[in-house]
4 protein chains.
Amino acid sequence: MNSSSPKSTSPGRPRDAALDEKILRATLRHLSEYGYSRMSIDAIAEEAGVSKPTMYRRWSGKADLATAALTLVRVAEPPPATGNALDDLKAALRNFSRSLLRPNGMALIGTVLAEEEHTPELLKLFRERLVAPRRAIVRETLRAGQASGEISSNADIEAAANLLVGSFYARYLEGLPIGDDWADRVAGIVWKGLR
Amino acid sequence: MNSSSPKSTSPGRPRDAALDEKILRATLRHLSEYGYSRMSIDAIAEEAGVSKPTMYRRWSGKADLATAALTLVRVAEPPPATGNALDDLKAALRNFSRSLLRPNGMALIGTVLAEEEHTPELLKLFRERLVAPRRAIVRETLRAGQASGEISSNADIEAAANLLVGSFYARYLEGLPIGDDWADRVAGIVWKGLR
Amino acid sequence: MNSSSPKSTSPGRPRDAALDEKILRATLRHLSEYGYSRMSIDAIAEEAGVSKPTMYRRWSGKADLATAALTLVRVAEPPPATGNALDDLKAALRNFSRSLLRPNGMALIGTVLAEEEHTPELLKLFRERLVAPRRAIVRETLRAGQASGEISSNADIEAAANLLVGSFYARYLEGLPIGDDWADRVAGIVWKGLR
Amino acid sequence: MNSSSPKSTSPGRPRDAALDEKILRATLRHLSEYGYSRMSIDAIAEEAGVSKPTMYRRWSGKADLATAALTLVRVAEPPPATGNALDDLKAALRNFSRSLLRPNGMALIGTVLAEEEHTPELLKLFRERLVAPRRAIVRETLRAGQASGEISSNADIEAAANLLVGSFYARYLEGLPIGDDWADRVAGIVWKGLR
DNA sequence: CATGAATGAGCTTTCATTCAT
DNA sequence: AATGAATGAAAGCTCATTCAT
């Protein structure tokens with residue numbers, strides 16, 4: 001009844017595990033493309049090629065399904081460290097911006113924010129699965145900068161990470177292009193501010 | 001003939017101007033509380049105490065109504081300049097964070113992002129009415145810092161503004177509290193980075 | 001409040017008589033094109049360039065308006081008699097078929113039939129204004145045939161007229177073309193049957 | 001396993017076949033009583049005792065539903081041939097007139113004509129299901145008359161059938177009663193005209 | 001387990017009509 | 001007399017969910 005993985009040891013006809021993923025993939029597509037409230041269970045069922053009760057047997061309802069789908073989203077592995085902390089930071093930011101600029105990347109953030117009151121699990125899971133890991137990557141490069149002495153040991157790493165990550169949100173909200181140089185520009189300012 | 005007050009300039013029953021605002025206020029409330037796609041014209045009409053045709057006479061449909069409601073949103077006047085650019089910047093940021101933290105402040109951003117594909121006018125207007133003015137305030141304080149020599153004359157003001165504003169988005173998305181000191185923390189880093 | 005002509009001697013601002021016709025013309029167009037229940041007072045007002053209360057001042061409602069519009073419909077004058085009764089009959093039938101085949105000619109008949117239960121005035125007026133005059137023309141040519149001795153003096157003129165006129169309805173309902181020769185074919189049969 | 005009765009041939013809950021008919025009957029009633037555009041899906045659903053989605057699962061919309069309902073209408077079997085072609089013809093005509101004079105019989109024709117432009121499928125199906133079969137019955141009796149030599153072998157059967165059938169329409173449109181003798185009167189004329 | 005059928009509530013929009021100027 | 005504004009009622013259609021097989 002919830003988004004945990006189906007047990008495989010129970011008696012009776014086993015659940016078709018492949019269906020789980022097919023359904024969740026379709027759900028994720030609809031969630032990002034249409035947003036949570038527009039996303040239609042009917043449409044997902046059709047796209048996944050299953051019937052609706054098949055979905056309800058796995059997840060208890062729309063919210064459960066959507067949050068389960070978020071589980072699929074994985075943050076890309078950070079690029080390997082080069083030894084140069086500032087370069088690593090810029091690479092991490094470029095990585096981050098690319099993932100936001102994927103089709104409906106920002107729309108997905110939008111829908112979880114919009115649903116905060118109605119379906120808070122969405123935002124909660126989104127934070128755990130996506131926001132936190134992404135930020136962790138940025139934070140680690142900053143820590144590396146501290147370790148190498150380029151960044152002051154008592155610098156406010158937390159705030160710095162928010163600044164960097166947030167600058168992409170802000171830029172997107174303004175509707176202005178986010179070129180590959182953007183990472184350099186914002187990293188430059190913050191890096192200097194952390195010395 | 002010319003009995004009194006404003007000569008009735010156009011024929012017919014005059015439109016009740018008070019209704020316009022009542023409707024738009026209700027719309028704005030529903031838009032931020034429920035999000036665009038959940039927002040119901042029926043419910044808005046009831047809350048505003050008007051009939052649905054009254055709304056359709058003024059706005060051509062749901063999208064038109066929602067965008068019109070966005071027009072209502074006004075960015076608060078920036079606090080008066082104190083002469084100290086850094087203090088002014090911090091005050092502007094506190095202002096900004098307070099407006100985001102108002103009930104459903106972020107949800108409104110969310111719905112606008114979520115609808116980008118379906119109802120792009122929303123995001124467009126949101127940018128013009130809210131995003132741009134807010135950012136302008138921050139930018140002006142940065143400019144003042146340049147004028148006073150505290151900030152380098154060739155500093156990347158645009159990026160700095162995005163960093164500062166965005167840090168609130170990022171912090172909110174993380175789900176962590178945004179205290180009044182937050183403005184100090186992020187302003188401190190960026191200010192130093194712009195020297 | 002009803003479809004009678006407006007008096008011109010009453011005090012106060014006189015009614016704009018030209019509007020009456022403009023409104024009725026538009027009504028008739030909508031009535032035949034969309035049918036009675038689809039015909040929209042809003043749309044008629046717009047097409048006629050008047051406001052709705054202007055219409056309600058003249059006619060008491062939709063049904064009154066529609067029946068008033070039917071009043072406009074006039075049956076074309078019969079072609080002049082040639083002296084040959086059979087030829088005159090055929091000419092009358094061709095005339096009749098042409099008027100039916102005008103755009104929405106049959107649709108108008110359809111809508112008055114369809115509304116018989118709901119708006120019986122429509123059918124009543126339609127009968128008086130259109131059905132009866134048209135049939136009268138046909139009947140007169142048959143009477144002329146009697147006078148000239150070509151038709152038996154105790155022939156069932158009434159039934160014959162119905163046969164002839166009705167054959168066009170039946171043909172139309174079948175969806176088959178009604179060429180100009182059709183009048184000849186049906187007149188031929190009936191004429192012979194009346195000898 | 002194979003408990004009883006027809007082995008369930010297709011998976012899933014079987015469709016309740018009784019509902020189909022209940023819905024279509026109600027639809028037909030509403031279609032003839034109110035006409036196509038007045039006929040309301042809501043009202044039909046209530047009368048049939050089903051929910052609207054149940055209807056939309058079966059038919060794609062209002063037009064589809066209405067045309068499906070027309071399918072229900074069956075032309076009454078012609079009375080058995082007596083051997084006397086003229087008598088058979090008169091019996092067929094009486095049959096025909098009785099079916100027209102059933103409540104809303106003509107209103108149904110009316111709505112179908114009125115909707116020709118908007119919902120042409122209605123008229124198309126009506127022609128196939130009702131108009132053509134009815135006319136076929138009349139035509140067959142005329143053919144029988146030819147076979148027995150009472151009617152000329154090169155008589156215009158088609159036109160004759162239209163005359164006879166149409167005379168009822170015309171008579172109805174005039175608003176005059178159609179007694180049982182009416183069939184005799186029109187058949188008399190045409191029969192003679194075909195000799 | 002998985003299916004197709006069924007449901008109740010809700011949506012946006014339009015209509016015929018009346019009111020206030 | 002004529003206008004533009006306002007209304008209550010209803011329409012067609014879709015959704016998330018549950019039932020019966």
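Convention: sequence-line order gives letters A, B, ...; per-chain numbering from 1. Any value given below was found using the heavy atoms of this structure, including those in side chains, with hydrogens, waters and symmetry copies removed.
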Item checked: Residue mapping more 5' on DNA chain E - nearest nucleotide basis, D:G12 or B:P53 -> D:G12

Item checked: All side-chain contact (heavy atoms from CB on, under 4.5 Å) counterparts of C:A107, not counting sequence neighbours -> C:N104

Item checked: N/O donor-acceptor pair, side chain C:K52 with base E:dT18, under 3.5 angstrom -> no

Margin query: Among residues at least two apart in sequence or on other chains, which ones pass side-chain hydrogen bond (donor to acceptor under 3.5 Å, both in side chains) with B:R13?
Written below: none

Notebook entry, point to check: Is the shortest side-chain N/O distance from D:T54 to OP1 or OP2 of E:dT7 below 4.0 Å?
Noted result: yes

Next item on the list: May I have the distance from B:R13 (atom CZ) to F:dG4 (atom P), rounded to whole angstrom?
Entry: 13 Å

Next item on the list: Would you mind listing every salt bridge (charged side-chain N to carboxylate O under 4.0 Å, His left out) that reaches into residues 103-121 of chain D, with sequence neighbours excluded?
Entry: C:R38-D:E115

Check: Relative to the 5' end of DNA chain F, which residue comes earlier, C:S51 or B:L19, by the nucleotide with the nearest heavy atom?
Finding: C:S51

Notebook entry, point to check: Any idea which heavy atoms bring A:A114 and B:T111 closest together, and the distance?
Noted result: CB-N, 3.6 Å

Note to self: Show me the dot-bracket string of DNA chain F, counting Watson-Crick or G-U pairs under 3.5 Å, with | for pairs to another strand and [ ] for crossing ones.
What the structure shows: .||||||||||||||||||||

Checklist line | Distance in angstrom units between C:H118 NE2 and E:dA16 P, rounded | finding: 14 Å

Notebook entry, point to check: How would you list, by chain and number, every residue that makes a side-chain hydrogen bond (donor to acceptor under 3.5 Å, both in side chains) with A:R25, sequence neighbours excluded?
Noted result: A:E21

Check: Who are the salt bridge (charged side-chain N to carboxylate O under 4.0 Å, His left out) partners of D:E46, not counting sequence neighbours?
Finding: none

Next item on the list: Output the distance between atom CG (B:L125) and atom CG (B:L70), rounded to the nearest 0.5 Å.
Entry: 5.5 Å

Next item on the list: Mind listing the residues from residues 55-66 of chain B sitting with a heavy atom below 4.0 Å of DNA chain E? Number order is fine.
Entry: B:Y56, B:G61, B:K62

Next item on the list: Using a cut-off of strictly less than 4.0 Å between a heavy atom of the residue and any atom of DNA chain E, enumerate the qualifying residues of residues 33-49 of chain D by number.
Entry: none

Margin query: Applying side-chain hydrogen bond (donor to acceptor under 3.5 Å, both in side chains), can you list everything that pairs with C:D42, at least two apart in sequence or on another chain?
Written below: C:K52

Next item on the list: Can you sort out the partners of C:K124 under side-chain hydrogen bond (donor to acceptor under 3.5 Å, both in side chains), two or more places apart, ordered by chain and number?
Entry: C:E128

Notebook entry, point to check: Residues in side-chain contact (heavy atoms from CB on, under 4.5 Å) with B:A68, at least two apart?
Noted result: B:L24, B:W59

Note to self: So, using salt bridge (charged side-chain N to carboxylate O under 4.0 Å, His left out) as the criterion, who are the partners of B:R58 when residues are at least two apart?
What the structure shows: B:D20

Check: D:H30 has an atom NE2; how far is it from atom P of F:dA10, in whole Å?
Finding: 14 Å

